[in-house]
> 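Quick one: this structure, given as structure tokens, is what I'll be asking you about.
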Amino acid sequence: MLLHLLPLSCPRRPAPALHPDCRPGSAGGGPWARRAGGLARRRALRRTDLQPETPPRRGRRGGDGHDPHAGGALLETVRRLLLAKEEADAEGDEEEEEEQAQFPKRWAIVFLCFSAFLLCNMDRPAHRLLGLHDRSATNDQAGQIASSRIQSREVNMSIAILPMSAEFGWNPQTVGLIQSSFFWGYLLTQIAGGIWADTVGGKTVLGFGVVWWSIATALTPIAAQLGLPFLLVVRAFMGIGEGVAMPAMNNILSKWVPVSERSRSLSLVYSGMYLGSVTGLAFSPLLIHKFGWPSVFYSFGSLGAVWLTTWATKAYSSPLEDPGISAAEKKLITSQSTAGEPVKTIPWKLILSKPPVWALIVSHFCHNWGTFILLTWMPTYYNQVLKFNLMESGLFCVLPWFTMAVSANVGGWIADTLVSRGVSVTTVRKIMQSIGFLGPAFFLTQLSHVNSPAMAVLCMACSQGTDAFSQSGLYSNHQDIGPRYAGVLLGLSNTAGVLAGVFGTAATGYILQHGSV
């Protein structure tokens with residue numbers, strides 16, 4: 001009665017041997033046969049692991065013409081495929097471990113850009129400690145020189161300006177002319193540098209900029225000896241070199257850094273400018289005291305050659321051009337950035353027709369208006385309002401730069417963390433820029449309510465610290481809204497920003513002179 005439950009291909013026979021079609025593991029052998037087949041396969045694999053391979057014997061076939069060792073040959077093939085797969089997986093794991101052990105190439109590029117901006121600002125602490133190194137200068141003279149300058153963080157004249165003024169007989173008006181000559185080249189090359197970087201590649205343009213301003217820095221003492229016209233030309237040349245640096249850097253990072261790491265990479269690079277000012281303030285007085293003021297220009301200028309040797313051999317405009325980058329890192333970068341070829345033409349009409357572009361330009365102008373006024377007139381505030389002497393004023397002027405360097409990196413990590421957690425990039429940029437605008441406004445308004453110099457200095461430091469959050473706001477937004485034209489966009493907005501520094505600083509001086517009661 002139960003015969004219909006047995007497989008039709010297996011006739012009833014008392015012999016223990018099974019039909020070839022009902023061997024363990026065959027498709028028609030039922031559950032017991034499948035379990036037995038699995039056990040047989042596992043045993044076969046173990047035997048092949050422990051015993052030497054033996055070729056299957058031929059000539060012995062079952063009654064139906066099938067080779068009884070065909071299953072063993074199949075198992076041997078499967079075993080070899082499994083071993084090959086295990087070897088491939090092991091090799092892949094080894095390659096992944098090597099890639100993880102290798103320092104990411106994109107962060108090597110970021111560090112080189114950081115060091116370039118560090119060099120760029122090392123000889124710019126200039127006016128803030130002018131009176132400290134020439135005892136013949138009075139407080140009034142130092143204040144006149146400081147007030148006569150059209151300053152920004154791009155000023156390239158070092159602390160040596162006052163000894164130079166004493167040696168060559170420059171009055172405050174001449175010093176202001178020398179300082180402003182930097183902007184003749186700097187303003188003209190912002191947009192040009194962005195076009196060049198986007199069409200040629202950031203590596204060439206940034207390398208050119210560093211070499212150009214390093215040569216101009218080293219030639220400054222010679223030009224000063226030759227006469228004022230030569231010094232003005234060298235200063236303008238210096239502005240040309242530094243004018244192309246920021247657009248070129250922005251172009252490179254737009255291709256090398258994925259969106260999830262954009263804020264902290266840009267913050268690190270810009271913090272090089274702040275730390276460069278601190279470094280210059282620390283080493284310039286020592287060099288002047290021991291070797292004279294020309295040593296500042298020769299030493300800082302020669303560092304550019306050291307940087308260039310590393311940049312020329314290690315840097316590339318995009319990861320697609322780098323033969324040494326790992327496949328995993330290249331995939332990560334290209335999936336989140338526009339690591340393509342340089343553009344051929346700049347669509348000016350399209351760029352200038354976009355409201356986000358103009359919002360970026362206006363934000364940059366407003367940001368620099370307040371920042372440059374604060375940094376330029378801070379020594380005067382310390383000296384005339386808080387009654388600090390020039391030495392104390394100079395020391396406290398280091399604090400904002402250091403605070404900005406720390407805060408910029410903190411803001412970068414916060415911004416990237418928000419992006420990685422799913423917050424939209426637009427929202428993150430607005431949050432960080434709001435802190436960059438409202439933070440300084442709040443702390444500066446508290447200055448009228450504090451009664452101690454210590455609290456005043458703390459408010460100034462907090463103001464500059466929150467201002468540095470803008471590095472994760474407007475300064476990162478160029479790559480967000482137009483990554484292929486990041487250099488041009490930064491050139492446009494930074495031109496407006498520099499004009500804000502020039503006009504804002506001059507307007508503040510006029511207000512202090514004619515508007516005070």
> Just jot down the side chain to side chain donor-acceptor pair (under 3.5 Å) partners of Asp467, sequence neighbours excluded, or say none.
His367, Thr371

> Side chains of Tyr475 and Asn494 only: does a donor on one sit below 3.5 Å from an acceptor on the other?
no

> Roughly how far, to the nearest 0.5 Å, is the OG atom of Ser214 from the CZ atom of Phe297?
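Here the rounded value is 13.5 Å.
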
> According to side chain to side chain contact (heavy atoms under 4.5 Å, CB included), who are the partners of Leu332, at least two apart in sequence or on a separate chain?
Arg106, Gln336

> Are side-chain N/O atoms of Ser115 and Trp307 paired as donor and acceptor at under 3.5 Å?
yes

> Which heavy-atom pair separates Gln471 from Ser267 by the least distance, and what is that distance?
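Taking Gln471 first and Ser267 second, the nearest heavy atoms are CB-OG, 3.8 Å.
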
> Side chain to side chain contact (heavy atoms under 4.5 Å, CB included) for Arg262 and Val425? Distances and angles first, verdict last.
CA-CA 10 Å; Arg262 179 170 294 164; Val425 175; 5.7 Å; no

> Taking salt bridge (charged side-chain N to carboxylate O under 4.0 Å, His left out) as the definition, give me every residue that meets it alongside Lys203, ordered by chain and number, with sequence neighbours left out.
none

> Distance from Leu118 atom CG to Leu303 atom CG, nearest 0.5 Å?
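It comes to 9.0 Å.
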
> Does Phe365 have any ring pair (Phe, Tyr, Trp, His ring centres under 6.0 Å) partners at least two apart in sequence or in another chain, and if so, which?
Trp369

> Could you pull out all residues at least two apart from Ala218 that satisfy side chain to side chain contact (heavy atoms under 4.5 Å, CB included)?
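Side chain to side chain contact (heavy atoms under 4.5 Å, CB included) check on Ala218 returns nothing, list empty.
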
> Measure the CG-CZ distance between Leu119 and Phe300 for me, rounded to the nearest 0.5 Å.
9.5 Å

> If you compare all heavy atoms of Cys459 against all heavy atoms of Leu447, which two are closest, and at what distance to 0.1 Å?
CB-CD2, 3.7 Å

> List in chain and number order the residues that pass side chain to side chain donor-acceptor pair (under 3.5 Å) with Thr466, two or more places apart in sequence or in another chain; answer none if no residue qualifies.
none

> What do you reckon, is CZ of Phe291 surrounded by more than 12 foreign heavy atoms closer than 6.0 Å?
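Counting neighbours around CZ of Phe291, 12 or fewer heavy atoms of other residues, nucleotides or ligands fall under 6.0 Å, so no.
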
> Going by side chain to side chain contact (heavy atoms under 4.5 Å, CB included), name the residues that satisfy it together with Val200, two or more places apart in sequence or in a different chain.
Trp196, Thr204

> Quick one: do Met404 and Tyr270 satisfy side chain to side chain contact (heavy atoms under 4.5 Å, CB included)? Show the steps, please.
CA-CA 10 Å; Met404 292 173 75; Tyr270 283 116; over 6 Å; no

> Please list, chain by chain and in numerical order, all residues satisfying side chain to side chain donor-acceptor pair (under 3.5 Å) with Ser263, sequence neighbours excluded.
Asp416, Arg429

> Suppose we screen for side chain to side chain donor-acceptor pair (under 3.5 Å). Which residues come up paired with Trp107, at least two apart in sequence or across chains?
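Trp107: side chain to side chain donor-acceptor pair (under 3.5 Å) contacts with Glu261.
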
> Please find the pair of heavy atoms, one from Gly292 and one from Ser295, that lie closest to each other, and give the distance.
O-OG, 2.6 Å

> Hey, could you give me each pair passing side-chain hydrogen bond (donor to acceptor under 3.5 Å, both in side chains) that has a residue in residues 350-363? Not counting sequence neighbours.
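Residue pairs with at least one partner in residues 350-363: there are none.
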
> Is a donor from one side chain sitting under 3.5 angstrom from an acceptor on the other, for Trp401 and Gln464?
no

> Which atom pair, heavy atoms only, marks the closest approach of Ser265 to Val257?
OG-CG1, 3.4 Å

> According to ring-ring contact (aromatic ring centres under 6.0 Å, His included), does anything in residues 219-245 pair up with another residue at least two apart or in another chain? List the pairs.
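ring-ring contact (aromatic ring centres under 6.0 Å, His included) check on residues 219-245 returns Trp212-Phe237.
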
> Side-chain donor-acceptor contacts of residues 435-445 below 3.5 Å, not counting sequence neighbours, with atom names and distances?
from: Thr445; atom 1: OG1; to: Ala441; atom 2: O; distance (Å): 3.2
from: Thr445; atom 1: OG1; to: Phe442; atom 2: O; distance (Å): 2.5

> Could you grab the distance from atom CD1 of Ile346 to atom CD1 of Ile191, nearest 0.5 Å is fine?
11.5 Å

> Find the distance between OH (Tyr186) and OG (Ser181) and round it off to the nearest 0.5 Å.
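OG of Ser181 is found 14.5 Å from OH of Tyr186.
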
> Determine the minimum heavy-atom distance between Val234 and Ala223, stating which atoms define it.
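Scanning both residues completely, I find the closest heavy atoms to be CG2-CB, 3.5 Å.
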
> Using side chain to side chain contact (heavy atoms under 4.5 Å, CB included), reason through Ser463 and Leu374 one step at a time and then give a plain yes or no.
CA-CA 9 Å; Ser463 172; Leu374 185 60; 3.7 Å; yes

> Would you say Trp413 has more than 12 foreign heavy atoms packed within less than 6.0 Å of its CH2?
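Atom CH2 in Trp413 is not packed in, count stays at 12 or less.
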
> Nearest 0.5 Å, what's the NE2-CG distance between His478 and Leu253?
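Separation between the atoms: 12.5 Å.
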
> So, Lys105 and Asp322, do they make that salt bridge, N to O below 4.0 Å?
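Between Asp322 and Lys105 there is a salt bridge, with a charged N closer than 4.0 Å to a carboxylate O.
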
> Is the distance between the ring centroids of Phe402 and Tyr274 less than 6.0 Å?
no

> Are side-chain heavy atoms of Thr345 and Thr199 found at a separation under 4.5 Å?
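They are not in side-chain contact.
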
